[in-house]
Every structure is written in structure tokens, then in C-alpha cells.
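Report on the structure given below.
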Amino acid sequence: LRQWSQANFGEDLIFGPRGGTLYFWDADASGGLNSRGVALSSVSGASNVPTIHNLTLVSDISRFVFCFGSNELGGTTLNPMLVRWSDQEDATNWTPSASNQAGDLILSNGTEIVAAKQARQEVLVWTNSALYSLQYVGAPAVWTAQLVGENISIASQNSVAYASGKAYWMGRDKFYTYDGNVKPLPSSVHRHVFNDINNNQLQQITAGTNEAFNEVWWFYPKDGSTLIDRVVTYNYSGQTW
């Protein structure tokens, strides 16, 4: 499955496919909406832009561009546990120095980063076995990672939703929530969902929110189906399914 991630950088767009390069779409380009995105590494002033990545996100705090799963500085091989970020307010400069805030760190719990989500004053990062909170602390560390949950699972890159100050996600065998603490989310439809789901197609699972009705939705393929054909909904106000 070819999965893409994207994030606004002001009026521009940073985007790319999992396992591919980063692209940049300039809203001020002469062609307007008809102009194509270009490789971020080809933009004027680009420095050590990741050549391969799994997931991208732009932070609400000071607009850092993140790559989750990336090649190391000067390397070409994907490190699925590496987090890299650009300089503050500069999508093109990924070369750490004493005069900027570009940098990187490697997470330790898990074998690959699966998902990331902007939350209130933190960036949440899911590996295949843990949840981390990235927090901006300024130079010299810039961003630090705190382990906030372990021995958990997550179904897919897009199986996370954030609503009313909480993160909700579907794991491989249960639902979870995070509000400062990771907790299993009790579900009256647990057996109905997880006993009839195609575990070979978990990457397709996608979460969304319906804020008007205080709902989180998960779309997933039932057992034997290669396409999404089921949905499960949780009302976080009434705590009902």
C-alpha cells in the first residue's frame, strides 16, 4: 500500500510517500494550483534534506518540519527509529549547527515509527510498541523525547485521531486513548471488530473525527476483504460505541 503524509507549512505544502522523498508545493508558484510539487532537496538553499522518510509532520510550535523514519545525516539508508527535524521556520535547512535548531534523535523502544500526531503542546510519536511525547525545549537539545507508554500496539499510520484534548487509536487487538496517560479504551464491540478484521490489511485502517457529534470513527477491512468495508464509531462524550 502506497501511503502519503502531508502537512501545511504556512500556505505551502510538505508531502511525500512512505519510503520515498520529500516534496514541496509552493502556493506562490507562477502556475498557481496548476504548478507541480518539486523535491524539497531541489529548492534553493536546501541543505541535507532527508533523501528517504516514512512520515512527515509540521509542528504547531515554531514550525519545525519533522521526518519520522529517515536517513541519518550524510547517509542514504533508512533508520526507521530516527526522528529528524529542520531548522525553525525553515523547511530547507536540515544541517545542525550552533546557529540553528535543526537536529535529530533516535527512539529506543520498538523497531519502527508507525505514526505521529500533533497534540496540545507536544508531538505524539507511536512506534510499533511504545508511545513517545516530543516536547520543544529550545537549544541545544531543541526537542526531547519522553516515553509515556510501552507494551502497546498501533494498527497503522492513519489509525490515530485527536479530539477534545485526547488521542484515540486502534491497536492490533484493542483500542487505546492518551490524555497524559496511556489507557486501554473499554469497548463493547471489541470482539465484533477484532474477531472479524483482515490482519493482513491493517495499513488501510483510517481514523477520523466528527466533532459535531463528539465521535471518533475507524474505517477498516473485515476478515477476507482487501478493501475497507466496515466502520466502528466511538462517542467520547457519552463513552458509547
Side-chain angles (χ1 to χ4, degrees), residues 4-29 35 37-76 78-108 112-127 130-148 157 160 162 165 167 178 180:
W4 292 68
S5 56
Q6 62 182 26
N8 287 100
F9 189 80
E11 62 182 1
D12 302 325
L13 188 68
I14 308 288
F15 62 103
R18 195 173 188 91
T21 192
L22 277 176
Y23 293 93
F24 177 77
W25 181 78
D26 186 352
D28 293 328
S35 62
V38 299
L40 183 59
S41 59
S42 71
V43 175
S44 176
S47 174
N48 282 310
V49 173
T51 58
I52 185 171
H53 82 296
N54 279 340
L55 185 67
T56 188
L57 177 149
V58 176
S59 68
D60 286 347
I61 301 174
S62 303
R63 285 202 306 184
F64 290 85
V65 182
F66 281 92
C67 278
F68 301 96
S70 175
N71 60 292
E72 296 181 7
L73 186 68
T76 58
L78 177 73
N79 182 338
M81 292 291 284
L82 175 66
V83 181
R84 289 183 62 188
W85 59 86
S86 70
D87 187 18
Q88 180 180 355
E89 296 281 358
D90 186 350
T92 62
N93 187 1
W94 296 72
T95 304
S97 75
S99 60
N100 70 34
Q101 297 196 70
D104 61 43
L105 58 84
I106 298 177
L107 304 181
S108 59
E112 68 169 335
I113 296 171
V114 178
K117 199 78 170 178
Q118 176 70 59
R120 187 178 300 166
Q121 297 184 344
E122 60 185 340
V123 175
L124 299 176
V125 184
W126 285 261
T127 73
L131 174 62
Y132 285 87
S133 169
L134 296 186
Q135 296 185 339
Y136 178 68
V137 295
V142 188
W143 289 87
T144 60
Q146 179 182 359
L147 181 66
V148 294
Q157 170 180 309
V160 181
Y162 191 79
Y178 171 79

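What you are looking at is a predicted structure, and each value in this text was computed from that prediction instead of being measured. Hydrogens, waters and symmetry mates play no part in the numbers below; they use all other heavy atoms, side chains included.
Nearest heavy-atom pair across Ala145 and Leu107 is CB-CD2, 3.7 Å. Contact detail for Lys117 and Val160: the closest heavy-atom pair is NZ-O, 3.7 Å. Of all heavy-atom pairs spanning Thr21 and Pro50, the tightest one is OG1-O, 4.3 Å. A pairwise comparison of heavy atoms in Pro96 and Gly103 identifies CG-CA, 4.1 Å as the closest pair. Here the closest non-hydrogen pair linking Ile113 and Val125 is CG2-CG1, 3.6 Å. What you find for Phe64 and Trp85 is that their closest heavy atoms are CD2-CD1, 3.8 Å.
Of the possible polar contacts, none joining the Tyr23 side chain to the Pro17 backbone as a donor-acceptor pair under 3.5 Å is found. Here the side chain of Asn48 pairs no donor or acceptor atom with the backbone of Thr95 at under 3.5 angstrom. Counting only distance, with no hydrogens or angles, the side chain of Ser5 and the backbone of Thr56 share a donor-acceptor pair below 3.5 Å. Judged purely by atom type and a 3.5 angstrom limit, Ser86 uses its side chain to pair as donor or acceptor with the backbone of Val65. Using a distance-only test at 3.5 Å, with no hydrogens or angles considered, a donor-acceptor pair links the side chain of Asp87 to the main chain of Gln101. Counting only distance, with no hydrogens or angles, the side chain of His53 and the backbone of Phe68 share no donor-acceptor pair below 3.5 Å. Without hydrogens or angle criteria, Gln118 side chain to Asp60 main chain gives a donor-acceptor distance under 3.5 Å.
Looking at heavy atoms from C-beta onward, Val43 lies in side-chain contact with Val38 at the 4.5 angstrom threshold. Inter-residue side-chain proximity for Ile14 and Leu22 is flagged as met; some heavy-atom pair is nearer than 4.5 Å. Residues Thr92 and Phe24 are not in side-chain contact: their nearest non-hydrogen atoms beyond the backbone lie 4.5 Å or more apart. Taking the side chain as every heavy atom from C-beta outward, Phe9 and Leu40 never approach each other to under 4.5 Å.
Leu78 contributes atom CG, which lies 9.0 Å from atom CD of Glu112 (distance to the nearest 0.5 angstrom). Atom CH2 of Trp25 is separated from atom CD of Glu11 by 8.0 Å, given to the nearest 0.5 angstrom. Taking CD1 from Ile61 and CZ from Arg63, the interatomic distance works out to 14.0 Å, rounded to the nearest 0.5 Å. The SG atom of Cys67 sits 11.5 Å away from the CG atom of Asp104 when rounded to the nearest 0.5 Å.
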**OP:** Apply side-chain contact (heavy atoms from CB on, under 4.5 Å) to Leu124 and Leu131, showing your working.
**Re:** CA-CA 7 Å; Leu124 299 176; Leu131 174 62; 4.1 Å; yes

